[in-house]
Amino acid sequence: VYCQVCCKGGADHLLLLCDSCDRGFHTYCCTPPLEKIPEDDWFCLRCVANNTPEDMCTVCSTKGGKQLGCSKCLRNYHLTCLNPPLYKPPRGDWQCSTCAKSSNSKTI
């Protein structure tokens, strides 16, 4: 198994396998980089984009925690995974940066 980002093997202790497609990713090649292997199921960004469960963060591909949902595309984000991170959810409808660019709406 090799990393889909850097196309290299090695560092097996830092190589994640997507729980959906079984493709490999080094923790340090993920965006954002992960500090450790997640204990729960982990899904690569491709699988997240193709079939995002309601409680999965689009950035880190993990479930749980405080999340914010885009009102347009229905993607979810941990508040701390946003750039810049948020400490509390904004009031009213919110759109992710991708959707906001296409509609010139409020973004974070």
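As the structure is a prediction and not an experimental result, all values here were calculated from the model.
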If we only count heavy atoms from C-beta on, is the P33 to T27 side-chain gap below 4.5 Å? no
Rounded to the nearest 0.5 Å, what separates atom CH2 in W94 from atom OG in S71? 8.5 Å
Where G24 and V1 come nearest, the two heavy atoms and their spacing: CA-CG1, 4.0 Å
Rounding to 0.5 Å, atoms CG (L17) and CG (D19) come to a distance of 8.0 Å
Would you please name every residue forming a ring pair (Phe, Tyr, Trp, His ring centres under 6.0 Å) with H78, sequence neighbours left out? none
When rounded to the nearest 0.5 Å, the distance separating SG of C81 from CG of L86 is 11.0 Å
Linking Ile, Leu, Val, Met, Phe, Trp and Tyr through side-chain heavy atoms less than 4.5 Å apart, which residues share a cluster with L14? Y28
Would you compute the distance between atom CZ of R75 and atom SG of C57 and round it to the nearest 0.5 angstrom? 11.5 Å
Which atoms form the tightest heavy-atom contact between C44 and C21, and what is the distance? SG-SG, 3.8 Å
T80 side chain vs P85 backbone, donor-acceptor pair below 3.5 Å: no
Heavy-atom side-chain proximity of P89 to L68 below 4.5 angstrom: yes
Do Y77 and Q67 have side chains that approach each other closer than 4.5 Å (heavy atoms only, starting at C-beta)? no
List for me each residue that meets ring pair (Phe, Tyr, Trp, His ring centres under 6.0 Å) alongside Y2, sequence neighbours excluded, and say none if there are none. none
Looking at every non-hydrogen atom in both residues, tell me the closest pair between G10 and H26 and how far apart they are. O-NE2, 3.0 Å
Should side-chain heavy atoms under 4.5 Å link Ile, Leu, Val, Met, Phe, Trp and Tyr, which residues sit in the same cluster as I37? V5, L16, F25, L34, W42
Could you note down all residue pairs passing side chain to side chain donor-acceptor pair (under 3.5 Å) where residues 7-18 supplies at least one of them, sequence neighbours left out? none
Test your reading of the model: is there a side-chain donor-acceptor pair from S20 to the backbone of F43, 3.5 Å cut-off? no
